[in-house]
Participant: 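One structure, as structure tokens, below. Some questions next.
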Amino acid sequence: MLDHPVPHPTAARTCRLCRSRLCRTLTLAALALGVSAGPGAAQSPEDIAALARKRPPQQAALAARIAERAAGLSIPWFDSLRSRQRDAAANREPRADRLAVRAAKKTRGVPDAAALPTTARYVFGVGVVEPIPSLSKASKDALALAANRAAVESALAGILPGSDHALADLLRRLDTDTSADRFAAFLEAWRNGDESFYQALDRTAGTAESVFFYDAMLSDFVNQFVPKHGGEATSKVRGDLQTAHDALHDAFLAYRQYRAFREAVALSLVLPPDRPLPARLRRYEEPVAGAYSLREQVQMVLAVEEFDVAKVSDAIGRSAPALPQPLWSASYDPFPAWTAIFDAHMPRMIEAAGNTDAHLARTRARMQEWAQQVAEIAHAALLAPKARAER
């Protein structure tokens, strides 16, 4: 498999509710935001219970108060994330057009628990940061309520307010290969129930569950991406249903290697060390004997770059290999280029800490300490007399 942690010969492994019942509309809004109560959450059940007892206006005021107080934390990592938030707000012009939405299966997949609440997202294939849309006033109100509650919950877990916007901007900076824009838009346009086709394929990859390829979808793929006069191999894709099916599958796998790597890097730059990646990206942080995981390596390089997240993302963008053309003609491996970046930073890691293991431990401890300051601000705001007195 190409989705693997990067081994290094000097690497040695030394790694260390209460919930109220929500109405259906609010629950759907929470899913739209990517709200997660997954493993690794640092919030105490008492804090979550106290938050659940508050009325919507109180939760909104609490979220605003936490964001205001967290803005006063002068920390290099947080300053860098705030800069990404500002760039996310300033980059709302798409670089490519969307394709018309097309219905496929009428089945609903089980959504993957998100790593952090999401009120803005980066749209692959379009190249734009946009707010999560709402379709009606009811859903808009529910979305706002879910967003406020999720913002407080994530702050209690040490996540800096506005991190979803920083994440979106980092993905924009990492998505440098525009050659796959139309294919990404194609995967977004075709729907599998509530999911995009990319989400459905990503969710089911490596499982026994299958996603059906409709003839209409394959025909759309062939007509959009397979040239009419491209040699014998291309002609076979155009003329054989099974070959077209295989080409679409191989194109997805190559693109998934490109996109999932970037999602894992961006989340590693944004999340506190104790917050897990989503299940679909967990392979990038799982420990492997004799190797640092990608997530650990990203944190190690981030510390060398004085916690400037843009420097790390831009270094990846500059050195990334191009996607294969056509997409189904070869696999895609982002790791050799990333390993070169990591190796180039290693002397400074050793100079700073004596060895890479000590550098990783120090880096994670600093990031966790900073995240704890956010959690303490959120906890204090939740229990403040002003918060208790609000009606």
Side-chain angles (χ1 to χ4, degrees), residues 1-3 32 94-112 121-128 130 132-133 135 171 175-263 280 321-334:
M1 295 293 292
L2 294 175
D3 286 339
R95 72 183 184 210
D97 293 332
R98 285 176 169 83
L99 300 180
V101 173
R102 306 187 182 194
K105 283 183 82 173
K106 296 296 185 182
T107 57
R108 178 188 178 91
V110 178
D112 187 13
R121 62 170 185 163
Y122 174 72
V123 185
F124 283 89
V126 180
V128 68
E130 66 178 16
I132 297 294
L135 302 179
L171 290 173
D175 186 22
T176 54
D177 194 332
T178 61
S179 66
D181 277 357
R182 281 192 61 79
F183 184 69
F186 167 84
L187 294 176
E188 181 70 22
W190 278 96
R191 312 300 296 179
N192 183 70
D194 295 332
E195 305 171 293
S196 71
F197 198 53
Y198 178 87
Q199 292 172 316
L201 289 173
D202 190 32
R203 174 177 56 80
T204 57
T207 72
E209 186 176 350
S210 61
V211 178
F212 185 79
F213 291 76
Y214 275 92
D215 290 355
M217 183 187 300
L218 290 174
S219 176
D220 192 12
F221 168 74
V222 169
N223 290 333
Q224 288 201 52
F225 301 105
V226 183
K228 294 182 179 179
H229 305 289
E232 182 179 349
T234 300
S235 297
K236 188 175 181 181
V237 174
R238 294 191 66 86
D240 181 77
L241 189 63
Q242 183 59 49
T243 305
H245 175 289
D246 294 343
L248 174 54
H249 185 263
D250 291 344
F252 163 75
L253 289 179
Y255 180 69
R256 180 178 184 246
Q257 296 288 86
Y258 169 88
R259 175 167 165 174
F261 174 84
R262 282 152 178 78
E263 290 177 320
R280 63 188 178 82
L323 283 159
Q325 296 300 322
L327 268 173
W328 61 88
S329 63
S331 58
Y332 180 84
D333 188 355

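Predicted model only: the values in this text are computed from it and were never measured.
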Participant: Please give me the minimum heavy-atom distance between Val126 and Pro94, naming the atom from each residue.
Facilitator: CG1-CB, 3.5 Å
Participant: With sequence neighbours left out, what residues match Arg182 under salt bridge (charged side-chain N to carboxylate O under 4.0 Å, His left out)?
Facilitator: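 By the salt bridge (charged side-chain N to carboxylate O under 4.0 Å, His left out) rule, Arg182 matches no residue at all.
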Participant: What pair of heavy atoms forms the shortest contact from Ala251 to Leu327, and how long is it?
Facilitator: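 Looks like CB-CB, 3.8 Å.
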Participant: Using every non-hydrogen atom in the two residues, find where His245 and Leu218 come nearest and quote the distance to one decimal.
Facilitator: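 Smallest heavy-atom distance, with atoms named: CA-CD2, 3.7 Å.
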Participant: Are any of the side-chain nitrogens in Glu188 or Arg98 under 4.0 Å away from the carboxylate oxygens of its partner?
Facilitator: no
Participant: How close do Gly127 and Tyr122 get, heavy atom to heavy atom, and via which atoms?
Facilitator: CA-OH, 3.2 Å
Participant: From the options Arg95, Arg259, Arg262, select the one residue that forms a salt bridge (Lys or Arg N to Asp or Glu O under 4.0 Å) with Asp175.
Facilitator: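 Only match with Asp175 under salt bridge (Lys or Arg N to Asp or Glu O under 4.0 Å): Arg95.
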Participant: How long is the gap from OH on Tyr258 to OG1 on Thr176, to the nearest 0.5 Å?
Facilitator: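 Taking OH in Tyr258 and OG1 in Thr176, the distance rounds to 4.5 Å.
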Participant: Under 3.5 Å, side chain of Asp177 to main-chain N/O of Ala322, donor-acceptor pair present?
Facilitator: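 No; zero donor-acceptor contacts below 3.5 Å.
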Participant: Can you see which heavy atom on Met217 is nearest to which on Leu248, and at what distance?
Facilitator: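 In terms of heavy atoms, the two residues are closest at SD-CD2, 4.5 Å.
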Participant: Rounded to the nearest 0.5 Å, how far does CD of Gln199 lie from CZ of Arg280?
Facilitator: 7.5 Å
Participant: Only one of Pro324, Pro326, Ser331 clears side chain to side chain contact (heavy atoms under 4.5 Å, CB included) with Trp328; which?
Facilitator: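 The side chain to side chain contact (heavy atoms under 4.5 Å, CB included) with Trp328 is passed solely by Pro326 among Pro324, Pro326, Ser331.
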Participant: Can you confirm whether or not the ring centre of Tyr198 sits under 6.0 Å from the ring centre of Phe124?
Facilitator: no
Participant: With the side chain counted from C-beta on, respond yes when Asp202 and Arg256 share a heavy-atom pair under 4.5 Å apart, and no when they do not.
Facilitator: yes
Participant: How far does CZ of Phe221 sit from CZ of Phe197, to the nearest 0.5 angstrom?
Facilitator: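 The distance works out to 10.5 Å.
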Participant: Mind checking the CG-CZ spacing from Leu201 to Phe252? Nearest 0.5 Å is all I need.
Facilitator: 4.5 Å
Participant: How long is the span from the CZ atom in Phe225 to the CG atom in Asp220, to the nearest 0.5 Å?
Facilitator: 7.5 Å
Participant: Please report the closest heavy-atom contact between Ala254 and Ala330, naming both atoms and the distance.
Facilitator: CB-O, 3.7 Å
Participant: Any luck finding a side-chain donor-acceptor pair between Gln325 and Ser179 under 3.5 Å?
Facilitator: yes
